[in-house]
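Since the structure comes first, as structure tokens, the remarks are kept for the end.
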Amino acid sequence: MQHHFLSLPVSRRHWLLRTGAGLAAGSIALGAASGSMAQTTLATKLKVLVSFSILADLVKVVGGDAVEVSSLVGANEDAHVFEPKPSHAKTLLGSQLLVVNGLDFEPWMTKLVRSASYKGKTVVASQGVKPLTMQEDGHTETDPHAWQNPLNVILYVNNIAQALASVDPAHAADYQARAQAYVQQLQELDSWAQSMFKEVPKAQRKIITSHDAFGYFAQHYQIQFLAAQGLNTESEPSARQIAKLVQQMRREKVRTVFLENMSNPRLITQLSKEAGAQVGATLYADALSAPDQPGATYLGMMRHNIDKLAQSLKP
Ligand SMILES: [Zn+2]
């Protein structure tokens with residue numbers, strides 16, 4: 001929570017600057033640069049708007065110098081409870097490509113696109129991912145947190161490369177090459193994670209977090225995650241739900257509870273006290289960290305999460 005308040009004024013200021021720059025440069029025609037190197041200047045960068053910080057990193061990796069990326073929901077901020085402002089509509093209107101997660105992660109996006117009268121291209125980064133579902137309050141919900149499995153992010157990166165190429169065909173080969181190089185890094189990350197968790201007996205792979213953000217991670221690495229909140233952070237759990245989770249933690253001897261970088265720590269603190277478990281590291285769930293922290297990039301946040309989880313689970 002503290003994080004959240006600290007980061008807000010900075011990102012606001014950032015937004016105002018970006019909006020001004022976006023509108024000024026938006027009038028320069030794309031793809032008009034035929035041949036002349038001099039025309040590949042700052043002003044001709046492709047303006048890409050993404051819904052949240054993790055996508056911003058992926059677009060920067062694939063887009064390189066050819067793109068200028070803005071994110072609606074910033075580092076350490078919670079996309080589940082985001083409320084777009086008129087300034088966000090303005091930024092969207094000045095963008096040439098919109099990248100969203102999909103899988104119902106951004107329920108506020110439809111309204112924003114409509115209110116901005118945005119007519120540009122939109123790409124759903126998670127397209128092609130096999131969605132996981134969860135039973136919540138008696139109905140089936142789609143789990144939006146697909147980026148928590150690095151192999152899904154291979155699809156994200158390929159979708160992003162394709163979308164960038166369709167809006168900016170002049171740089172298509174560059175986008176493709178950067179995506180390919182990054183896919184290799186994702187595969188290396190996955191192999192490393194597999195080797196880290198191999199040392200932990202499956203019966204001991206149990207983790208508690210604030211909300212159900214780790215379903216794809218859990219399935220892929222065969223770790224059981226229990227959460228105090230459901231798939232989004234909007235509703236607070238009831239006293240009865242918390243009591244039930246505490247009972248389960250005691251029964252299954254869960255030793256560590258983990259904080260999330262964009263969630264209120266109060267719930268986790270309460271759980272640790274009631275169940276006699278220790279509070280572990282902060283995991284990066286739905287947002288990157290500030291630039292000077294380990295979760296400043298997607299690869300950084302995943303390495304941090306895997307390292308902290310494996311450390312706490314090791315016998
Ligand atoms: Zn979430």
Side-chain angles (χ1 to χ4, degrees), residues 1 3-4 7-8 11 50-58 71-84 99-110 112 124-126 129-137 139-150 152-153 155-156 207-221 223-237 241-242 245 257-268 271 280-290 293 295-298 300-302 304-306 308-309:
M1 218 47 195
H3 247 335
H4 187 78
S7 67
L8 204 58
S11 62
V50 302
S51 56
F52 75 120
S53 55
I54 292 168
L55 291 180
D57 180 49
L58 300 179
S71 183
L72 289 167
V73 183
N76 289 324
E77 289 181 6
D78 185 353
H80 293 296
V81 294
F82 178 70
E83 285 174 28
V99 186
V100 301
N101 181 72
L103 303 171
D104 299 333
F105 186 56
E106 305 101 337
W108 36 265
M109 190 60 90
T110 314
L112 178 63
V124 178
S126 69
V129 164
K130 197 167 170 257
L132 294 179
T133 54
M134 263 190 93
Q135 288 300 315
E136 242 177 44
D137 306 324
H139 43 86
T140 307
E141 299 274 349
T142 303
D143 184 345
H145 307 91
W147 61 86
Q148 288 292 346
N149 176 348
N152 284 343
V153 176
L155 293 168
Y156 277 56
I207 299 287
I208 303 277
T209 54
S210 304
H211 85 297
D212 271 317
F214 296 93
Y216 292 87
F217 190 97
Q219 190 212 35
H220 188 55
Y221 297 114
I223 296 170
Q224 191 189 352
F225 278 75
L226 301 168
Q229 283 174 301
L231 285 170
N232 71 62
T233 55
E234 267 173 299
S235 56
E236 290 284 312
Q241 284 170 312
I242 290 179
L245 185 56
V257 289
F258 286 87
L259 299 164
E260 290 170 3
N261 65 318
M262 28 38 85
S263 295
N264 189 330
R266 193 177 47 79
L267 253 177
I268 286 299
L271 280 174
T282 298
L283 300 178
Y284 299 109
D286 296 6
L288 296 179
S289 69
Q293 298 292 309
T297 63
Y298 174 75
M301 81 169 225
M302 293 302 284
H304 169 93
N305 287 355
I306 292 158
K308 298 296 175 196
L309 290 169

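Values in this document were obtained by computation on a predicted structure and should not be read as measured data. Counting starts at 1 for both ligands and their atoms, following the listed order.
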Report task. Just jot down the side-chain contact (heavy atoms from CB on, under 4.5 Å) partners of Thr282, sequence neighbours excluded, or say none. Result -> Leu259, Asn261
**Report entry** Evaluation steps, side chain to side chain contact (heavy atoms under 4.5 Å, CB included), between Leu72 and Trp108
**Finding:** CA-CA 11 Å; Leu72 289 167; Trp108 36 265; 3.7 Å; yes
Query raised in the report: For the Zn ion (ligand 1), how many protein N, O or S atoms lie at less than 2.8 Å?
Result: 4
Requested in this report: Only one of Ile208, Ile268, Leu309 passes side-chain contact (heavy atoms from CB on, under 4.5 Å) with Phe258; say which it is.
Outcome: Leu309
Query - With Glu236 via salt bridge (Lys or Arg N to Asp or Glu O under 4.0 Å) - residues at least two apart - result: Arg266
Report summary line: Partner of Trp147 under side-chain contact (heavy atoms from CB on, under 4.5 Å), picked from Asn152, Leu55, Asp286, is Asp286
**Report entry** Test side-chain contact (heavy atoms from CB on, under 4.5 Å) applied to Leu132 - qualifying residues, sequence neighbours left out
**Finding:** Asp143, Tyr216, Gln219
